[in-house]
Amino acid sequence: MPDNSTIYIGTAFAAGVCLALIGKDLLDSRRRQKDSTKGAISGQLIARSGPPAIVDGIEGCIGNTPLFRIKSLSDETGCEILAKAEFLNGAGQSSKDRVALSMIELAEEQGILTPYSGDTIYEGTSGSTGISLATLARAKGYLAHICMPSDQAIEKSNLLLKLGAIVDRVPPAPIVEKDNFVNRGDIQLSNRMNRGRGFFADQFENEANWRAHYGGSGPEIYAQCNGRLDAFIAGAGTGGTISGVARYLKPLLPNLTVVLADPQGSGLYNRVRFGVMFDLKEREGTRRRRQVDTIVEGIGINRVTANFEAGKELVDDAVRVTDAQALAMARWLVEKDGIFIGSSSAVNCFAAVKIAQKLGPGHRIVTVLSDSGSRHLSRFWAKAGDVGGAVDTKLSDVLSARDEDFQ
């Protein structure tokens, strides 16, 4: 019989190489899935395709949110208007999930927080960041103590209570006063320090905020768009989203237009457009005037935070959106697309239409849907009213909406 040992050895070697390559591909795939779940590796994050990976805990469900085409606005403007569905983050169901996780993980790295120790997280928030913090606090064995303005939608504080957080609803006050909701969060921490360990998240000034979007939202958008987009639009409360995404995208896309969507009563529109929000006598933290009232929650501010400062030189333009325009846009998106969003998301979408009209047809515009309308039922959507059955709103009606339309 012929000696086939050489053939057998060659075949076995080839099979071994194939198995090794397959194993390497599987290992690389798992590493990519792990990296995309963490959402913190700048420049390396890829958009996850196929079924989601199995992740560890609710915190693993944060990031890699879908980017989808808003059909009605795209068809009306001739631009491709895409929305980052941040309301599908899996912990607190808003874009603030990224921020909350980033701040907690940084505090853990610095030894300020220890998981499952009963340490307390304090924060002043209009609602969504507090909800994300309270959710992740439960997941990681912490307690949450949240201060929020009393004029925010009641369902936000109700949800916080269901999550086991201590909630202080305080009257609205300027940032320079100790009774401001942000300052109250810091004061509550100071008062407790002799009874146990605590951490003041400080989302407005904590750089972990913009870094969450620099390492997560920005790379995801770039990958999902295959590197092709003409404008990015976002509002600013803390300023973390617009700064983090702009800092990631601008070096890769120098011609990208970054636009601030700003509600009535906020000073950031003038700061971006004219550079005149403050003079030397009214530097951040010294202004006494209260902010003009707006029904929009979560964005709009009359000072430059550290997180907005981190990216403000990359913001090219701003669009001012009135309450009536935000309300009309929210109703439009339900009527035409079945998209039920909160107030800040409506501001973003209105600004996206204005920029689409400015740029002209054929451009790709990305904006952010921060949270669902279900958190805005008692205030924003109570004002917007029911959409009703057979209606045929024109986009021109949305663009020209006035306060008297919602009396």
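Legend: ring-ring contact (aromatic ring centres under 6.0 Å, His included) pairs involving residues 326-348, not counting sequence neighbours, sorted by first then second residue: F340-W381. Sorted by first and then second residue, the side-chain hydrogen bond (donor to acceptor under 3.5 Å, both in side chains) pairs involving residues 79-94 (not counting sequence neighbours) are T65-K84, T65-E86, E80-R364, K84-E220, K84-Q224, E86-N89, E86-R98.
The salt bridge (charged side-chain N to carboxylate O under 4.0 Å, His left out) check on R69 picks up D75, with sequence neighbours excluded. Not counting sequence neighbours, the partners of S102 by the side chain to side chain contact (heavy atoms under 4.5 Å, CB included) test are A208, A212. Partners of K162 according to the salt bridge (charged side-chain N to carboxylate O under 4.0 Å, His left out) rule, which considers only residues two or more places apart in sequence or in another chain, do not exist here. Residues passing the salt bridge (charged side-chain N to carboxylate O under 4.0 Å, His left out) test with D317, sequence neighbours excluded: R273, K358. A search for side chain to side chain contact (heavy atoms under 4.5 Å, CB included) contacts involving A139 returns I58, E59, not counting sequence neighbours. Shown here are the side chain to side chain contact (heavy atoms under 4.5 Å, CB included) partners of E109, two or more places apart in sequence or in another chain: L106. K383 pairs by the salt bridge (charged side-chain N to carboxylate O under 4.0 Å, His left out) definition with nothing, not counting sequence neighbours. With sequence neighbours excluded, the residues forming a side chain to side chain contact (heavy atoms under 4.5 Å, CB included) with L252 are Y222, Y248, listed by chain and number.
Residues I154 and R169 form a side-chain contact, since some pair of their non-hydrogen atoms from C-beta on lies under 4.5 Å apart. Within the 4.5 Å cutoff, side-chain heavy atoms of K336 are placed close to those of D392. Between R331 and V398, the closest side-chain pair of non-hydrogen atoms is not below 4.5 Å. A heavy-atom distance below 4.5 Å is not found between the side chains of T241 and S217.
For E335 against V387, the heavy-atom pair with the smallest separation is CB-CG1, 4.0 Å. Closest of all the heavy-atom pairs between S378 and E155 is OG-OE1, 2.6 Å.
Here CZ of R303 is found 10.0 Å from CG of L268. Values are rounded to the nearest 0.5 Å. N209 contributes atom CG, which lies 10.0 Å from atom CG of D202 (distance to the nearest 0.5 angstrom). Within the model, atoms CG of L88 and CG of D97 stand 11.0 Å from one another, a figure rounded to the nearest 0.5 Å.
Under a 3.5 Å cut-off, the side chain of R375 and the backbone N or O of G342 do not form any donor-acceptor pair.
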Can you list, pair by pair, the side-chain donor-acceptor contacts under 3.5 Å of residues 343-355, counting residues two or more places apart and other chains?
unit_1, atom_1, unit_2, atom_2, d
S343, OG, E297, N, 3.0
S345, OG, S370, N, 2.7
N348, OD1, G235, N, 3.0
N348, ND2, V368, O, 2.9

Enumerate, atom names and distances included, each donor-acceptor pair closer than 3.5 Å involving a side-chain atom of residues 399-407, sequence neighbours excluded.
unit_1, atom_1, unit_2, atom_2, d
S400, OG, S396, O, 2.8
D405, OD2, R402, N, 2.9
Q407, NE2, D403, O, 3.0

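Residue L229 forms a side chain to side chain contact (heavy atoms under 4.5 Å, CB included) with just one option from L249, L67, I365, and that option is L249.
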Apply the test side-chain hydrogen bond (donor to acceptor under 3.5 Å, both in side chains) to residues S266 and D262: give CA-CA distance (whole Å), side-chain angles for both, the deciding distance (0.1 Å), then the verdict. CA-CA 7 Å; S266 173; D262 212 32; 2.8 Å; yes

In sequence, state the C-alpha distance, the side-chain angles, and the governing distance for D119 and K140, and then conclude on salt bridge (charged side-chain N to carboxylate O under 4.0 Å, His left out). CA-CA 10 Å; D119 292 346; K140 286 173 161 284; over 6 Å; no

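For the 3.5 Å distance criterion, the side chains of Q203 and T238 fail to qualify, holding no donor opposite an acceptor. Defined by atom type and a distance below 3.5 Å, a donor-acceptor pair is missing between the side-chain atoms of E207 and Y214.
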